[in-house]
Amino acid sequence: LDVQRIRSRMLKTHSPQTTRHVLALLKRVINYGVKSGLVDAPNPKTLHFEMPKLDNEKTEDLSDEQLHSFLQALDADSNQTVADMVRLILHSGVRRGEVFRLQWQDVDFDRGFLTLRNPKGGKTERIPLTDGARAILERQPRSDSPYVFPGRGGGPRSDVAKVVRRIRERAGLPKDFRPLHGLRHAFASRMASSGEVELHVLQKLMTHKTPRMTQRYAHLRD
């Protein structure tokens, strides 16, 4: 009953995804207590929480006009390092964390490939460098840091939200558009709608583990 109350109250003020995260954490805490003999509770295998249903198949895209405004906002921003990180996502479809963790040893200019280590799927992947991505990487200054876009002290960056939010607002994009993840979607949708990239190729470019994730782009545009 307590868990149901938490679920009900949270869904009034938080998203289903956030509510699921909280309930999942609570379940882990209870399981730990049971396994450690700290609480008297049913077998963890029989412990069932009713999770909120999700519709997380959101596919973000930009019209030609919105993309043009966004690119202009990128050019006008004072922080061109972060702007280049954003541009790299648009030109390669890589994930936010993969840009943050990208090291020079992972950039193969000779063969034209990027190596993505410890990606979301867990398996190291290699994707081709587009001309746009190559140009962005070639103009980055080298330093003692192994990272292409180093943060303070030469370590990996962890957050660029403030700059990205500023760019989104200058471009006049909707507040629910997530620039970093949304541009990954924009990359994929343009590939799919070009008529020149098969879905199995797009799956490889996006480093999706299964075709189901890539299928969302099949009918994105008429």
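Throughout, residue positions are numbered sequentially from 1 according to the sequence presented. Note: hydrogens, waters and symmetry copies are ignored here, and every other heavy atom, side chains too, is used.
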Original post:
So His14 and Thr19, side-chain hydrogen bond (donor to acceptor under 3.5 Å, both in side chains) or not? Walk me through it.
Top reply: CA-CA 7 Å; His14 295 75; Thr19 305; 5.9 Å; no

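Considering every non-hydrogen atom in both Arg96 and Ile89, the closest pair reads CA-CD1, 4.4 Å. When all heavy atoms of Leu116 and Ile127 are compared, the pair lying nearest together is CD1-CD1, 4.1 Å. Between Arg184 and Met206 the shortest heavy-atom distance is NH2-O, 2.8 Å. Between Thr214 and Thr210, the closest heavy-atom pair is OG1-O, 3.9 Å.
Side-chain atoms of Ser8 do not come within 3.5 Å of backbone N or O of Gln4 as any donor-acceptor pair. A donor-acceptor pair is defined here as one N or O able to donate and one able to accept, closer than 3.5 Å; no such pair exists between the side chain of Glu138 and the backbone of Ala135. With hydrogens and angles disregarded, a donor-acceptor distance shorter than 3.5 Å links the side chain of Ser189 to the backbone of Ala186. For the pair Ser194 (side chain) and Met191 (backbone), a donor-acceptor distance under 3.5 Å is present. Of the possible polar contacts, none joining the Ser145 side chain to the Pro150 backbone as a donor-acceptor pair under 3.5 Å is found.
Here the OG-CZ distance, from Ser69 to Arg170, works out to 12.5 Å after rounding to the nearest 0.5 Å. Interatomic distance, Arg5 CZ to Leu1 CG, rounded to the nearest 0.5 Å: 4.0 Å. To the nearest 0.5 Å, the span separating NE2 on His91 from CG on Leu129 amounts to 12.0 Å. How far CG of Leu90 is from CZ of Arg190: 7.5 Å, rounded to the nearest 0.5 Å. Expressed to the nearest 0.5 Å, how far CZ of Arg20 lies from NZ of Lys27 amounts to 10.5 Å. A distance of 10.0 Å separates OG of Ser193 from CD of Glu196, quoted to the nearest 0.5 Å.
In this structure, Asp108 and Thr115 have side chains that are not in contact, with every pair of non-hydrogen atoms separated by 4.5 Å or more. For the pair Val94/Leu102, no side-chain contact is recorded, criterion being any heavy-atom separation below 4.5 Å from C-beta on. The shortest side-chain heavy-atom distance between Gln66 and Pro174 falls under the 4.5 Å cut-off. Looking at heavy atoms from C-beta onward, Leu62 lies in side-chain contact with Leu173 at the 4.5 angstrom threshold. For the pair Glu125 and Lys204, the minimum side-chain heavy-atom distance is below 4.5 Å.
The local environment of CD in Gln72 is crowded, with over 12 non-hydrogen atoms from other residues, nucleotides or ligands closer than 6.0 Å. Enclosure of atom OH in Tyr32 is not indicated, since only 12 or fewer non-hydrogen atoms of other residues, nucleotides or ligands lie within 6.0 angstrom.
For the side chain to side chain donor-acceptor pair (under 3.5 Å) condition, the pairs that include at least one residue of residues 152-169, sequence neighbours left out, are Asp77-Arg166.
Under the 4.5 Å side-chain heavy-atom criterion for Ile, Leu, Val, Met, Phe, Trp and Tyr, Leu67 and Val164 are members of the same hydrophobic cluster. No chain of hydrophobic side-chain contacts below 4.5 Å, direct or via other Ile, Leu, Val, Met, Phe, Trp or Tyr residues, connects Tyr147 to Leu88. Cluster membership for Phe113 and Leu137, using ILVMFWY side-chain heavy atoms within less than 4.5 angstrom, is not shared. Cluster annotation: Leu26 is connected to Val22 through the hydrophobic network of ILVMFWY side chains, with a link wherever side-chain heavy atoms come within less than 4.5 Å. Linking Ile, Leu, Val, Met, Phe, Trp and Tyr whenever their side-chain heavy atoms come within less than 4.5 Å puts Trp104 and Leu114 in one cluster.
Salt bridge annotation for Asp84-Arg139: present, with a cationic side-chain nitrogen under 4.0 angstrom from a carboxylate oxygen. Between Arg87 and Asp75 there is a salt bridge, since a side-chain N of the basic residue sits under 4.0 Å from a carboxylate O of the acidic one. Under a 4.0 Å N-O distance rule, the pair Asp131/Arg134 does not qualify as a salt bridge.
Ring orientation note: the planes of Phe70 and Phe177 are nearly perpendicular, at an angle over 60° on the 30°/60° scale.
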